Q: 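Below is a structure I'd like to ask you about.
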Amino acid sequence: MSIQVVATRALLAERLDAVRSSGASVGFVPTMGYLHEGHGSLVDASVACSDLTVVSVFVNPLQFAAGEDLDSYPRDLDADLDLCGSRGASLLFHPGVEEVYPEGPVQPAVPLADVALPLEGERRPGHFAGVAEVVARLLRAVGPCRAFFGQKDFQQLQVVRRMVVDLGLPVDVVGCPTSREHDGLARSSRNAYLTGAERAAAPVLHRALHAAAAAVAVPGWDRAEVEAMMVDMLAGEPAASPEYAVVVDPDTLLPADHPTSGRDLRVLVACRFGRARLIDNLGVVAG
Ligand code: AMP
């Protein structure tokens, strides 16, 4: 099936309004491009339950802080088109910066829920404000739809869920499982930054998450001990510089202290490997 590139909101709305007025459903997968199998799994999920799938590719300047990798962020639109077309997407929305921000440089104005404050919110000031701003603009451009996001960026997923409710957008947010390499490393566009030695070390993220899951499942577990154990595991790799390793409540992203047995919790890690700053997470159940 052939895929069509659309660069303006007006053309996108025209195409999607026509689709919806014939009773068909729209699935939407927002991305920053340089697509990999993880993005592909979101496209698959959308295609499986939508009549038409639109994928957006837009590297959003607003969510990069000064000194982050905006300029070097990897891009390959031809490969992105091939991936989306081969997985059954019908439209690729590829707007320029001036199409998304026609008023010029903007201050993000979308209100953020408290879930945006800890973890990535502390380490990347302004990041979630930029994410919320662009996702709100993209969701408004697409209109009523199911929108597919990866659990790989778990805090972002929770921020988007809250924002959609707070703004009353006509969107069903669907969280999709993390797609991983054979050795457990979560697929990420930023894995392209890893040297050979860093790539060999990076699966320690996944091992630390699973060790935490096993520890949390034992009744009487201690949050501080589990978090320290993860940091020790990460720091045991010379190529790794851990930033955080936490066990939290999945709704608030705040420390999970004294949870009752059987509670669903989330374990999240962030770690630098040379130029690459990688994040990962896992759902766990308290013992
Ligand atoms: P990005 O292009 O990195 O902004 O990601 C676009 C979407 O793809 C976000 O919803 C991510 O959470 C999701 N995503 C990125 N990596 C993965 C992965 N390994 N598995 C599943 N979803 C992913």
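Ligands are counted one by one from 1 in listed order, and the atoms in each one are counted from 1 as well. Everything numeric here is computed off the predicted structure, so don't read it as measured data.
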Q: Looking only at protein heavy atoms, which one is nearest to atom 1 (P) of ligand 1, and how far off is it?
A: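 Protein heavy atom with the smallest distance to atom 1 (P) of ligand 1: His39 NE2, 3.6 Å.
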Q: Under 4.0 Å from a heavy atom of Phe149: give me the atoms of ligand 1 that qualify, with their elements.
A: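 Taking each heavy atom of Phe149 in turn, ligand 1 has 10 (O) under 4.0 Å.
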Q: Quick check on salt bridge (charged side-chain N to carboxylate O under 4.0 Å, His left out): which of Glu98, Glu99, Glu14 does Arg9 satisfy it with?
A: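 For Arg9, the salt bridge (charged side-chain N to carboxylate O under 4.0 Å, His left out) check succeeds only for Glu99.
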Q: To which protein heavy atom is atom 23 (C) of ligand 1 closest, and what is the distance rounded to 0.1 Å?
A: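 Heavy-atom neighbour on the protein nearest atom 23 (C) of ligand 1: Lys152 CB, 4.0 Å.
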Q: Please give me the minimum heavy-atom distance between Tyr101 and Gly130, naming the atom from each residue.
A: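 Nearest pair, atom of Tyr101 first, then Gly130: OH-O, 4.5 Å.
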Q: Looking only at protein heavy atoms, which one is nearest to atom 10 (O) of ligand 1, and what is the separation?
A: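 Scanning the protein heavy atoms, the shortest distance from atom 10 (O) of ligand 1 goes to Gly150 N, 2.9 Å.
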Q: Has His36 got any heavy atom lying under 4.0 angstrom from an atom of ligand 1?
A: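 Distance cut 4.0 Å: His36 passes for ligand 1.
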Q: Calculate, to the nearest 0.5 Å, the distance between atoms CD and CG belonging to Gln158 and Asp251 respectively.
A: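 It is 6.5 Å, given to the nearest 0.5 Å.
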Q: Tell me whether Arg75 forms a cation-pi arrangement with Tyr34, defined as NZ or CZ under 6.0 Å from the six-membered ring centre and within 45 degrees of its axis.
A: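 No, Arg75 does not sit over the ring of Tyr34.
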Q: Please report whether ligand 1 has a polar contact with Met32, defined as an N or O pair separated by less than 3.5 Å (distance criterion only).
A: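 There is such a contact, yes.
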Q: To the nearest 0.5 angstrom, please state how far the CG atom of Leu119 sits from the CD1 atom of Ile279.
A: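 Spacing of CG (Leu119) from CD1 (Ile279) equals 10.0 Å.
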Q: Heavy atom under 4.0 Å from ligand 1: found in Ser188's side chain, backbone, both, or neither?
A: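 Within the 4.0 Å criterion, Ser188 makes no contact with ligand 1.
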Q: Identify the closest protein heavy atom to atom 14 (N) of ligand 1: which residue and atom is it, and at what distance?
A: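 Result: Asp153 OD2, 4.3 Å.
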Q: Quick test: of every protein heavy atom, which one is nearest to atom 21 (C) of ligand 1, and how far off is it to 0.1 Å?
A: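 Among all protein heavy atoms, the one nearest atom 21 (C) of ligand 1 is Pro177 O, 3.5 Å.
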Q: Please list the nearest protein heavy atom to atom 19 (N) of ligand 1 with its residue and the distance rounded to 0.1 Å.
A: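 Ranking protein heavy atoms by distance from atom 19 (N) of ligand 1, first comes Arg187 O, 2.8 Å.
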Q: Ignoring hydrogens, just give me the one of Cys176, Ser179, Pro30, Gly40 whose non-hydrogen atom is nearest atom 18 (C) of ligand 1.
A: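 Nearest option to atom 18 (C) of ligand 1, by heavy atoms: Ser179.
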Q: Under 4.0 Å from ligand 1, counting heavy atoms only, is it the side chain of Leu42, its backbone, both or neither?
A: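 Looking at Leu42 and ligand 1, just side chain atoms fall under 4.0 Å.
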Q: Can you tell me if Gln63 and Arg124 form a side-chain donor-acceptor pair at under 3.5 Å?
A: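 Looking only at side-chain atoms, Arg124 and Gln63 do not form any donor-acceptor pair under 3.5 Å.
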Q: Of all heavy-atom pairs between Phe93 and Ala141, which one has the smallest distance, and what is that distance?
A: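 Looks like CE2-CB, 4.5 Å.
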Q: Using salt bridge (charged side-chain N to carboxylate O under 4.0 Å, His left out) as the criterion, point out the one residue from Arg187, Arg87, Lys152 that pairs with Glu37.
A: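 When Arg187, Arg87, Lys152 are each tested with Glu37, the salt bridge (charged side-chain N to carboxylate O under 4.0 Å, His left out) holds only for Arg87.
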Q: State, to 0.1 Å, how close His39 and Gly33 come at their nearest heavy-atom pair, and which atoms those are.
A: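 That would be CE1-O, 4.0 Å.
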Q: Determine, considering heavy atoms only, which of Gln151, Gln156, Gln63 sits nearest to atom 9 (C) of ligand 1.
A: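 Comparing heavy atoms across Gln151, Gln156, Gln63, the nearest one to atom 9 (C) of ligand 1 lies in Gln156.
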